[in-house]
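Below is one structure, written out as C-alpha cells; comments come after it.
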Amino acid sequence: TTGNSSGENPLMPSQAKVKLDTGQHIHLIGIGGVGMSGLAGMLAEKGFAVSGSDTREGPRLAPLRQLGIEVAIGQTRDGAAGADLIFRSTAIKDDNPEVEGARERGIPILHRSDLLVALVEDDRKVAVGGTHGKTTTTAMLGTILLGCGRDPTIIIGGEAHNLGANYHCGTEPLAVFEACESDLSFLKYGPCSEVISTVEADHLDIYKDFESLCDAFRRFVALVPSDGFLVYGASSQVLAEMAEDAAGAKIPFGLNSEAVIGADSVVTEEFGVKFEVVVNGEPGPRIALQVPGEHNVVNALAAISAARELGVSVEDAARALGEFRGVRRRFELIGRLGGALIVDDYAHHPTEVAATLTAARKGWDRRIVATFQPHLYSRTRDFMEGFADALAQADVIVINEIYAAREEPMEGVSASQLADAIRARAPDKQVEYLPDKAAIVELLRRIAQPDDLILTLGAGDIREVAEQLAAQG
C-alpha cells in the first residue's frame, strides 16, 4: 500500500493503489459523513475490522454501531493507534489530531476515494457525475437494476429510501457509484462508464474558474473506455463537446430533440410527476414518479439511459422507477405544522434552489415559505446574484447564517448581504435574515398559515429547523 501520509493537494489526487484484505483493521476519520459512512458499512459487511471517529453524534452512526463498528466521538492523537490503514475525506485536514498521531506511527493515511476504488476494483464500473442530480440519479439507477433482478454494488452520496441506506453490497461484478467533482477525486475511478447530467460553475474555491472545472470534466470523460458508455445531458453544449473525448458509446438524454432518451407529456403533481418516455423519437412507456419536479424527469431519463446500456429494457426500467421513493433530504416531507406542509431539501446551488422552488410552485397551489442556509462562504460569494434570483421565487424568504463547513469566514461575505439582494429584487415580499435557528423556528411557527408549503433548503444543518417545526405540529 502506498499513499501520501502528509495530505493531498485536492488538485493533484494521489494514484495510491490499495490492496484490501479482511485481516486489516481499517479506521475512518469522519466516519459519520454521508460518503464515509457508506464505505464503512460496506467494509463491515465484507468482514473487515472497522473503527472510526467523528466530532459529534449524527444519524448515520447508530446503524454503523449495529454492524459492530467501534465509533468514537471526538478525535485524539491516539484515536487510530491500532489501525493498519486510515482513510479520510477532503474535509479532514492535516492538523487533525488523529492524522497527526497516525503520521507519527507511520500508519498509511489515504483519501476516501482510494477506498472506493479498492472496493470496486474488480467490478464493471458506472460512475455518476455532474454538477447536479448525482445522488438521485445514482439511487434511481440502483433502484432500476435491483428491481429488474440485478444485484450491483451501489454507493450513493445520500440515503435512498428504497435501500434504507446509502449503499448496497451486491453480488454481481457491477458497481454503480456517485463520483463527486468537488476535489478532483473522480479522476481516480477510470476506466469506467459514466453518467453526467450537467456541468455548471461550482466549487470555485477549488477550481478558481469555470474553465478549470471543465478541464477536470474533460479528463473525467476521457476515462470512458471503448467498451463503455457515456450518458450525458443533451441540453448542455459543453457536455456535447466533451463527449467527443469518450471512447465508448455516447447517449444523449434530456428534454430536447437531440436526446436518444427523452420525455413527452410531462404532468407535475404535488409529490410526483408523470411523463412518457420517448426513445429515438418514438413514444414509449409512461412513468408515474413518486418524486416531484421536471428536474427529476431529467434524472429519471439519465437512469433509464444507463440501465438500457446495462441490458435493461426501457419498459422494465420504467416499471421499476415507479417504485422509487426518493432520497433523504431531496424534497423530503418532514411533517406538518397545522395544515402547513414542511419539506426539507439539500439544494445548495442556485440552479438547485431554482429547480426545487419551481417544482414547489408547479406542484402546489400554496404560499411558499422558504428558509435557506447558504453553504460555504466561497459559494455564497460566487453565486450571490444567482441565489437572490432563485430565492425571490418564494413568497416569504428567511435567510440563515452561512454554514462554513470546511471554510473559515471570509471578510466581506455574509448571509445578510444575500437577504439585502433578495429585498432589492422582491421589495414587496417578506425577507428576513435570522442567524439563530431557534428564532427561525419561532418566526415560522408564528407566521405559518394552513395552506403554506414550508421549505428548508441547504446542505448544512438547516433540516433541524424543519424537524423542530414538525415536532411542534
Side-chain angles (χ1 to χ4, degrees), residues 1 3 8 16 18-76 78-93 96-99 101-102 107-123 134-135 138-139 142 152-160 163-171 175-180 182-183 185 188-189 327-329 406:
T1 301
E8 294 182 334
V18 183
K19 191 65 177 176
L20 300 177
D21 69 67
T22 53
Q24 294 168 319
H25 172 191
I26 297 176
H27 185 83
L28 282 70
I29 307 175
I31 196 170
V34 70
M36 294 288 270
S37 61
L39 296 174
M42 287 187 65
L43 286 169
E45 288 196 23
K46 290 177 177 292
F48 288 85
V50 186
S51 62
S53 65
D54 217 304
T55 55
R56 62 176 183 172
E57 280 292 341
R60 289 179 285 270
L61 296 183
L64 297 181
R65 291 189 177 106
Q66 291 173 2
L67 290 172
I69 296 174
E70 182 180 335
V71 179
I73 302 302
Q75 292 164 342
T76 68
D78 296 327
D84 298 304
L85 279 176
I86 294 173
F87 293 93
R88 59 170 171 170
S89 68
T90 306
I92 305 299
K93 305 302 182 185
N96 179 282
E98 285 190 0
V99 171
I107 304 172
I109 307 166
L110 297 124
H111 191 261
R112 177 193 65 84
S113 55
D114 297 314
L115 176 55
L116 193 157
V117 169
L119 286 169
V120 302
E121 181 180 18
D122 297 327
D123 296 332
K134 294 184 291 290
T135 299
T138 308
T153 290
I154 306 167
I155 304 171
I156 310 173
E159 293 160 52
L163 299 180
N166 51 356
Y167 71 96
H168 170 76
C169 284
T171 57
V176 174
F177 56 89
E178 187 171 333
C180 185
S182 64
D183 58 7
S185 62
K188 299 181 183 181
Y189 300 141
V327 179
R328 188 174 188 265
R329 299 220 62 207
R406 59 182 179 267

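Atom set for the values below is all heavy atoms of this structure, side chains included, hydrogens, waters and symmetry mates excluded. If you're wondering where the values come from, they're calculated on a predicted model, not measured in any experiment.
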Problem - Residues that Arg56 engages under salt bridge (Lys or Arg N to Asp or Glu O under 4.0 Å), provided they are two or more places apart - result: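 By the salt bridge (Lys or Arg N to Asp or Glu O under 4.0 Å) rule, Arg56 matches no residue at all.
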Is there a donor-acceptor pair under 3.5 Å between the side chain of [X] and the backbone N or O of [Y]?
{"X": "Thr153", "Y": "Gly170", "value": "yes"}
{"X": "Glu45", "Y": "Met42", "value": "no"}
{"X": "Gln24", "Y": "Asp84", "value": "no"}

Might you point out which heavy atoms bring [X] and [Y] nearest each other, and give the distance in Å?
{"X": "Pro152", "Y": "His168", "result": "O-CD2, 3.0 Å"}
{"X": "Lys188", "Y": "Val117", "result": "O-CG2, 3.7 Å"}
{"X": "Ile155", "Y": "Thr138", "result": "O-CG2, 3.7 Å"}
{"X": "Val18", "Y": "Glu121", "result": "O-OE1, 4.5 Å"}
{"X": "Ala175", "Y": "Val120", "result": "CB-CG1, 3.6 Å"}
{"X": "Ile107", "Y": "Ala81", "result": "CD1-O, 3.9 Å"}

Between [atom1] on residue [X] and [atom2] on residue [Y], distance to nearest 0.5 Å:
{"X": "Leu67", "Y": "Phe48", "atom1": "CG", "atom2": "CZ", "value": "14.5 Å"}
{"X": "Ile86", "Y": "Leu110", "atom1": "CD1", "atom2": "CG", "value": "9.5 Å"}
{"X": "Arg112", "Y": "Ile29", "atom1": "CZ", "atom2": "CD1", "value": "14.5 Å"}
{"X": "Phe87", "Y": "Ile92", "atom1": "CZ", "atom2": "CD1", "value": "14.5 Å"}

Handout entry: Sequence neighbours excluded, every pair satisfying side-chain hydrogen bond (donor to acceptor under 3.5 Å, both in side chains) that has a member inside residues 28-40
Key =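 Listed by first then second residue: Ser37-Asn166.
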Exercise for the section: Kindly state each residue pair satisfying side-chain hydrogen bond (donor to acceptor under 3.5 Å, both in side chains) with at least one member in residues 61-70, sequence neighbours excluded. Expected result: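 Sorted result for residues 61-70: Glu57-Arg65.
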Under a plain distance cut-off of 3.5 Å, with no hydrogens placed, do [Y] and [X] share a side-chain donor-acceptor pair?
{"X": "Ser185", "Y": "His111", "result": "no"}
{"X": "Thr55", "Y": "Gln75", "result": "no"}
{"X": "Ser51", "Y": "His25", "result": "yes"}

Handout entry: Step-by-step side chain to side chain contact (heavy atoms under 4.5 Å, CB included) determination, Leu119 to Lys46
Key = CA-CA 10 Å; Leu119 286 169; Lys46 290 177 177 292; 4.0 Å; yes
side-chain hydrogen bond (donor to acceptor under 3.5 Å, both in side chains) against [X], all qualifying residues, sequence neighbours excluded:
{"X": "Ser89", "answer": "none"}
{"X": "Glu98", "answer": "His27, Ser53"}
{"X": "Asp54", "answer": "none"}

Side chains of [X] and [Y]: closer than 4.5 Å at any heavy-atom pair?
{"X": "Ile69", "Y": "Ile31", "answer": "yes"}
{"X": "Asn96", "Y": "Arg88", "answer": "no"}
{"X": "Lys93", "Y": "Val99", "answer": "no"}
{"X": "Tyr167", "Y": "Leu39", "answer": "no"}

Exercise for the section: Determine, step by step, whether Leu163 and Ile156 satisfy the side chain to side chain contact (heavy atoms under 4.5 Å, CB included) criterion, reporting the C-alpha distance in whole Å, the side-chain angles of both residues, the deciding distance to 0.1 Å, and the verdict. Expected result: CA-CA 10 Å; Leu163 299 180; Ile156 310 173; 3.7 Å; yes
Exercise for the section: Run the numbers on Glu159 and Arg60 for salt bridge (Lys or Arg N to Asp or Glu O under 4.0 Å), then give the verdict. Expected result: CA-CA 9 Å; Glu159 293 160 52; Arg60 289 179 285 270; 3.2 Å; yes
Exercise for the section: Let me see the working for Leu115 and Leu28 under side chain to side chain contact (heavy atoms under 4.5 Å, CB included), right down to the final yes or no. Expected result: CA-CA 10 Å; Leu115 176 55; Leu28 282 70; 4.3 Å; yes
Problem - Test log, rule side chain to side chain contact (heavy atoms under 4.5 Å, CB included), inputs Leu20 and Leu85 - result: CA-CA 9 Å; Leu20 300 177; Leu85 279 176; 4.0 Å; yes
Practice task
Please lay out, stage by stage, how Tyr189 and Phe177 fare under the test ring pair (Phe, Tyr, Trp, His ring centres under 6.0 Å).
Solution key: CA-CA 10 Å; Tyr189 300 141; Phe177 56 89; 5.1 Å; yes
